[in-house]
Amino acid sequence: MEIKLLKQGNLIPPALREESFMLASKLFVPTLKEEPAEAEVVSHRLLLRAGMIRKVSSGIYTFLPLGLKVLEKVKNIIREELDKTGAQEILLPIVQPADLWRETGRWEVYGDEMFRLKDRHNRNFCLGPTHEEIITSLIKLEIKSYKQLPLLLYQIQNKYRDEKRPRFGIMRGREFIMKDLYSFDASYSGMVKSYELMYNTYVNIFKRCGLKFRAVEADTGAIGGNISHEFTALAEAGETEVVYCQNCDYAASIEKAESFLEKEKGKIEERPLELVSTPGARTINDVSKMLEIPPERFIKTLLYEADGKILAVLVRGDREVNETKLKNTLGCLRLEMVSPMRIKESMQLEAGFLGPVGLEKENIPVYADYEVIYLSGAVCGANKQGYHYCNAVPGRDFTWVKSADLHTVQKGDSCPRCQGILNTTQGIEVGQVFQLGTKYSEALNAIFVDENGKENFFVMGCYGIGVSRTVAAVVEQNHDENGIAWPISVAPYQAVVIAASAKNEKQINTARKIYQDLKEAGWEVVLDDREERAGVKFKDADLIGYPIRITVGNKTIEKGTVDIKIRGSGKEYNISMEAVCSEFSKIINSLEKI
RNA sequence: CGGGAUGUAGCUCAGCUUGGUCAGAGCGCACGGUUCGGGACCGUGAGGCCGGAGGUUCGAAUCCUCUCAUCCCGACCA
């Protein structure tokens, strides 16, 4: 008997089942009046307070109904734009065998950041931090001919990275949702076309999500490949620094950004090397003041340990070493600065007195930043406690094994393209696109046959969007002191209809009518039917961030009108009840254009 | 992984220095009443073995040791 009922779906009354999702009295949206103690950044705080997410463990979150709705909106925008390009959606597994990762060498490279696990047979697996291996092995088995190319495949999937320090809620989680797309082409030129297609698609996707963003040149990091761009949503809370030119369209991530090399800037008349006593001056600033020579005429010497080998890096005194560039120059896996303690123990010297002169005798290879080798008389440590050299000339007084771009660009530097002035800004990296080439297809021996019957490696690209992070970025850019103000495109619902007093039958019936009309017209609307005071419902509406709020109350009901308030702009309209549906469409249209 | 901090009611916190009516407040929740277009008010009530384990003590939320968790800064990172 019970089974029969279940089959017929009669256990829940149809009316309740249908409506409970859109009645505020039934919606599972636990809003918080007070600031959660655990949250620091705006998006984290507001997503918690608006009842959209809850923390389960550090960096691991549950999405509640409204949070999930937003997530799905973003996903659908992504799907729509990608499907337009001919890309096809698939779903790859989260649990992946270690063997596959050993083939590309990344089982080792990924290190502690990878969640690893064993099955009951003691075989090694990981929770996928990314999916190049698994998709390449799929393509290797299934795609044989150039006639099947190009192929664009994507998935939206949970990814796992055991971050050393998860933070900022869903902005940097250990479990997060990502869209990743992989392109397979028969040639490099084909790959570039796929890359450009994706680049343009990303622009459309992030525009539709209502984000202010920039596409910047980026380092390729652990994914590998040559050319890459990051899509960075501009936000104070962002963790990545972006460099851009005030004059031309050059923009790059701080890891990648270069500055124009001003060879003549450091030129002065060469003088003989001079040892000067600088007791107690441990920093460049100290010595600079003591000798009255500006920091840009200093050479900063830093010791690093790269894959177990000690080396020295030289940058100008006013510069910071860019460890990403250094890593790329050295081609090493692990890079760490040698601690001042260790320097003191092994060289009987405080780190502040390190210098390049005589380092070759110590068998320490020297890597010099380009800017350093154009200095024609610099101050540097003398490798002797309490002493510095003046007038050190590169090539004359010391040598180096390699010179390269090793410094981090700073605000005010010159643009490498046009020599305009560079500026910096903070951002949230919401997407990144890579030209991978054949890195993975070679490692996994993934081959197709071309039109001449010859075997070739697939030429690949990969393209990621942090979906959950994008949600956080949207909140960072669209909020005020009262809460979130969702762009219409990703809002969990387009509107809320509030009966100022739910106990007033006339009000609640009118509100219900408007709600049903809008719903029938195809809009996503919530009816706030809770028996709360109006203020409570307004506060919640602002916090949750419904783009449009329709209020039915005593102020207007006698006149046969309702109030419509736009969350983003704060604009209010008083319109007649009959016109609600048509006005609503107009308002939505105007909001979509913004 | 280094540095700092915090764990007491669903949430935000007080109490810990000086061990003994210290199991507290506000919000939230339940019930009753008054209110009703910007997080109202009054009353009543439910709810916590004070993160966990060990120790010191006649007695521990409070002191000591260990441990776990969380957050912040740094390092690290598609």
Side-chain angles (χ1 to χ4, degrees), chain A residues 30-41 44-45 48-49 51 54-60 106 109-114 128-132 159-169 171-174 176 178-181 218-225 228-232 239-240 253 255-256 323-324 327 333-337 339 341 428-434 436 462-466 469 482-483 498-504 507-508 511 528 530-543 549-557 562-563 565 570 572 574:
Chain A
T31 54
L32 301 172
K33 205 184 263 190
E34 298 197 62
E35 295 287 354
E38 67 184 51
E40 195 70 14
V41 297
H44 191 194
R45 284 209 318 261
L48 283 168
R49 281 194 60 209
R54 283 294 183 266
K55 188 179 70 181
V56 173
S57 175
S58 177
I60 298 177
R106 290 210 295 178
V109 175
Y110 242 97
D112 293 336
E113 212 187 312
M114 187 139 75
T130 175
H131 285 74
E132 282 83 11
K159 305 251 171 173
Y160 297 83
R161 290 183 197 173
D162 195 359
E163 297 278 352
K164 280 178 182 173
R165 193 182 159 202
R167 56 181 144 178
F168 302 155
M171 209 146 106
R172 173 166 296 268
R174 294 192 295 171
F176 54 100
M178 184 161 172
K179 183 286 301 178
D180 48 328
L181 184 145
D219 182 66
T220 52
I223 295 284
S228 175
H229 286 86
E230 274 176 16
F231 286 77
T232 305
E239 294 180 279
T240 55
S253 74
E255 287 91 19
K256 172 88 178 176
E323 294 190 359
T324 304
K327 234 173 167 172
L333 292 180
R334 317 199 77 184
L335 181 71
E336 236 174 278
M337 212 153 145
S339 72
M341 283 277 285
I428 301 164
E429 183 199 332
V430 287
Q432 189 165 7
V433 292
F434 299 84
L436 290 178
C462 86
Y463 316 85
I465 291 177
R469 186 183 279 183
N482 294 316
I498 292 176
S501 171
K503 280 183 190 161
N504 179 313
Q507 283 184 31
I508 188 70
D528 197 338
R530 292 177 301 167
E531 292 190 4
E532 292 282 357
R533 293 166 66 86
V536 172
K537 291 185 265 199
F538 291 151
K539 288 285 183 190
D540 266 353
D542 286 350
L543 179 59
R549 188 185 83 194
I550 301 171
T551 307
V552 180
N554 277 334
K555 275 188 184 174
T556 58
I557 199 162
V562 298
D563 288 328
K565 186 169 186 181
E572 276 189 276
N574 182 257

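Chain letters run A, B, ... following the sequence lines, proteins first and then strands; every chain starts at 1. Hydrogens, waters and symmetry mates play no part in the numbers below; they use all other heavy atoms, side chains included.
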Any N/O pairs under 3.5 Å between the protein and nucleotides 70-72 of chain B? List them or say none.
unit_1 : atom_1 : unit_2 : atom_2 : d
B:U70  : OP1    : A:S57  : OG     : 3.3
B:U70  : OP1    : A:S58  : N      : 3.0
B:U70  : O3'    : A:K55  : NZ     : 2.9
B:C71  : OP2    : A:S58  : OG     : 3.0

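Residue-level contact check: A:N504 touches neither bases nor backbone, having no heavy atom under 4.0 Å from any strand. At the heavy-atom level, A:E35 lies under 4.0 Å from the strands shown only through sugar-phosphate atoms. Residue A:M337 is classed as having no contact, given no heavy-atom separation below 4.0 Å to the nucleic acid. Residue A:N554 is classed as a base contact, given a heavy-atom separation below 4.0 Å to a base. When heavy atoms are screened at a 4.0 angstrom cut-off, A:Y463 is found touching no nucleic acid atom at all. Residue-level contact check: A:P36 touches the backbone only, with heavy atoms under 4.0 Å from sugar-phosphate atoms and none from bases.
With both pairing distances under 3.5 Å, B:C11 is matched to B:G26 as a Watson-Crick or G-U wobble pair. Summarising the base pairing, B:U65 is matched to B:A53 through a Watson-Crick or G-U wobble pair whose two defining distances lie under 3.5 Å. When Watson-Crick and G-U wobble pairs are counted only if both distances are under 3.5 Å, B:U35 pairs with no nucleotide at all.
Residues A:E113 and A:Q507 each lie close to RNA chain B; by heavy-atom proximity, the contact nearer the 5' end of the strand is made by A:Q507. The residue among A:T31 and A:K164 whose nearest nucleotide of RNA chain B is located toward the 5' end is A:T31.
Side-chain N/O atoms of A:K327 include one lying less than 4.0 angstrom from OP1 or OP2 on B:C77. Remark: A:K33 is in phosphate contact with B:G28, judged by side-chain N or O atoms under 4.0 Å from OP1 or OP2.
The side chain of A:R533 has B:A40 as its nearest neighbour among B:A40, B:G38, B:G37. Closest approach to the A:V536 side chain among B:G37, B:A40, B:C77 is made by B:A40 (side chain taken as heavy atoms from C-beta onward). Of the candidate nucleotides B:A40, B:G39, B:C76, B:C76 has the atom lying nearest to any side-chain atom of A:E323.
Nucleotides B:C1 and B:U67 are separated by 13 Å at their P atoms, to the nearest Å.
Looking at residues two or more places apart in sequence or on another chain, you find a ring-ring contact (aromatic ring centres under 6.0 Å, His included) between A:H44 and A:Y61. In terms of the side chain to side chain donor-acceptor pair (under 3.5 Å) criterion, residue partners of A:D563 (sequence neighbours excluded) are, by chain and number, A:N574. Applying the side chain to side chain donor-acceptor pair (under 3.5 Å) rule to A:T31 yields the partners A:D540; only residues at least two apart in sequence or on another chain are considered. Evaluation of the salt bridge (charged side-chain N to carboxylate O under 4.0 Å, His left out) rule for A:E38 yields A:K55 as partners, not counting sequence neighbours. Residues passing the ring-ring contact (aromatic ring centres under 6.0 Å, His included) test with A:Y463: none are found, sequence neighbours excluded.
Judged by distance alone with a 3.5 Å cut-off, a donor-acceptor contact links the side chain of A:R549 to the base of B:G38. Donor-acceptor pairing under 3.5 Å, judged by distance alone, is absent between the side chain of A:R54 and the base of B:G10. In the interface, the side chain of A:S501 is not paired with the base of B:G37 through any donor and acceptor atom under 3.5 Å apart.
A donor atom on one side chain and an acceptor atom on the other are found under 3.5 Å apart for A:S228 and A:Q432.
Interatomic distance, CD1 of A:I557 versus CG of A:N504, reported as 6.5 Å (0.5 Å rounding).
A cation-pi arrangement is absent between A:R469 and A:F176, since the terminal nitrogen or guanidinium carbon is not both under 6.0 Å from the aromatic centre and inside a 45° cone about the axis.
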